[in-house]
Protein chains: 2
Amino acid sequence: MKRSRSCLLLSGFACTYKLTAGGKRQIVSFNIPGDIPDLQSLHLKTLDNSVATMSQCRVGFVTHEDLRNLCTRHPRIAEAFWRETLIDAAIFREWVMNVGQREGTSRMAHVLCELMVRLKAVGLVEDHACDLPITQSEFADALGFTTVHVNRVLQQMRTEGLIFTQGTRLTIPDWEKLKQVGEFDPTYLHLENGQAAA
Amino acid sequence: MKRSRSCLLLSGFACTYKLTAGGKRQIVSFNIPGDIPDLQSLHLKTLDNSVATMSQCRVGFVTHEDLRNLCTRHPRIAEAFWRETLIDAAIFREWVMNVGQREGTSRMAHVLCELMVRLKAVGLVEDHACDLPITQSEFADALGFTTVHVNRVLQQMRTEGLIFTQGTRLTIPDWEKLKQVGEFDPTYLHLENGQAAA
DNA sequence: CGGTCTTTTGACTAGTCTCAAGCATTGTGG
DNA sequence: CCACAATGCTTGAGACTAGTCAAAAGACCG
């Protein structure tokens, strides 16, 4: 179905996902405030994924017509939007590697690092802690694990002192350690100001 | 490192890959004739992946300066390039799902279907057959399997009549069956003329 | 023809899944 | 304000997919 507008996530958490023929869900990205989850629809006629909220969200809508006018009138803006979609692609590539090559703790640590850095970039991290309203079953769908396995991995990470959780609040006691376990190198996020440390 | 030009694959097969800190390789996409594997470098300063050839290749180079001029003078071309990168992203999303949710035969079948359809689109498929100079170890790196496992999966697929190989030539005896096993729906490739059947 | 790369095989191991149940937390209606 | 859904988290045991290690057999190339 062709969409005539894109949405901008103002607050809250969402995710982009796809379903297999067998009905299994793969979350292909987490969307945080500032993201435009369906910017691609500006140039692709058919949608090949869906978006779901993971918490209460506020969203803004922009019509494709307005976006297109903006792009023609201000090439620099067009370039910036294009660049945004290229960064999304870079993140997908990293996820392919994460799901394909890393196991258990390492895989989990990597997405947590990614989330922390991205959230930090929009000011949602304080003292290595942030609010993360993502259920274990959502993590499972994102990592290609089962909920049961995510639970066990998280427990292990807690006992190893890699993470600390209270409700939806996540705290990273030792950022360097988590980064190392997740083999995390933020280059692929292409942040302007290489704020590698969260 | 900043690149000042992009390359167009004229003939032969290549792949885009990333390495984990531990040295494991994840192939994130196969590049076929007509592809511009590093088009992204036009707007991203740092490269977060590498490209390798899998066979003899002929490539053409275009400087970013020329590309940028082309884009400013012909907005439609800029739009087309942007669209290409969006399709790449759609393929990455599908790969995340493939690696995250499908197992063994199904996972393998899916990439084979994708390759067939993409090769067909550039005229490299005849009678459900094509030349595929991809080693089992390369498939392994693309699928997140080991070479040993790829070998066993392929053997099973041969005995099941899903594929037929002689050297680097791959023939698909029963396209519908392969599509079904791989849960393959070509929507995500966003081909202009929905040539779903290869 | 020797050397290298690729494919194939076997036996054993490990990571992850499945099924199944119990517990905790939260929000809601009576 | 409490009871009870509903949802999410935790646990255990057994099964299965895929990995590891090791080596042999083919294929390709200078």
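Predicted model only: the values in this text are computed from it and were never measured. Side-chain atoms are counted along with the backbone in the values below, which use heavy atoms only and exclude waters and symmetry mates. A, B, ... follow the sequence lines: proteins, then strands. Residue 1 opens every chain.
- Rounded to 10°, the angle separating the first-five-pair axis and the last-five-pair axis of the helix from C:dC1-D:dG30 to C:dG30-D:dC1 equals 40°.
- A donor atom on one side chain and an acceptor atom on the other are found under 3.5 Å apart for B:T135 and B:E138.
- Here the P atom of nucleotide C:dT25 and the CG atom of A:N151 are 14 Å apart, to the nearest Å.
- Atom CD1 of A:I32 sits about 10.0 Å away from atom CE of A:M54, to the nearest 0.5 Å.
- For A:D141, the salt bridge (Lys or Arg N to Asp or Glu O under 4.0 Å) partners two or more places apart in sequence, or in a different chain, are A:R25.
- Salt bridge B:E114/B:R107: absent, no basic N to carboxylate O contact under 4.0 Å.
- With sequence neighbours excluded, no residue forms a ring pair (Phe, Tyr, Trp, His ring centres under 6.0 Å) with A:F13.
- Counting all heavy atoms, side chain and backbone alike, A:N31 lies closest to A:S29 at ND2-OG, 3.7 Å.
- Rounding to whole angstrom units, CG of residue B:L154 and C1' of C:dT9 are separated by 15 Å.
- Heavy atoms of A:G167 sit nowhere under 4.0 angstrom from any nucleic acid atom.
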Checking side chain to side chain contact (heavy atoms under 4.5 Å, CB included) for the pair B:D131/B:L124: CA distance, chi angles, key distance, verdict?
CA-CA 8 Å; B:D131 190 60; B:L124 290 174; over 6 Å; no

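- Looking at residues 130-149 of chain A, you'll see A:T135, A:Q136, A:V148 sit with a heavy atom under 4.0 Å from some atom of DNA chain D.
- Remark: the A:R102 side chain and the B:T20 side chain contain no N/O donor-acceptor pair separated by less than 3.5 Å.
- Residues forming a ring pair (Phe, Tyr, Trp, His ring centres under 6.0 Å) with A:H190 (at least two apart in sequence, or on another chain): none.
- For the pair B:R158 and A:R102, nearest-nucleotide mapping onto DNA chain C gives the more 5' position to B:R158.
- Of the N and O atoms on the side chains of A:T171 and A:H128, not one donor lies less than 3.5 Å from an acceptor on the other residue.
- Residue A:R152 places no side-chain atom within donor-acceptor reach of the base of C:dG15, judged by atom type and a 3.5 Å distance cut-off alone.
- Here the range on DNA chain D touched by chain B, meaning any atom under 4.0 Å from one of its heavy atoms, is D:dT17 to D:dC21.
- A distance of 7.0 Å separates CH2 of A:W95 from CG of A:L143, quoted to the nearest 0.5 Å.
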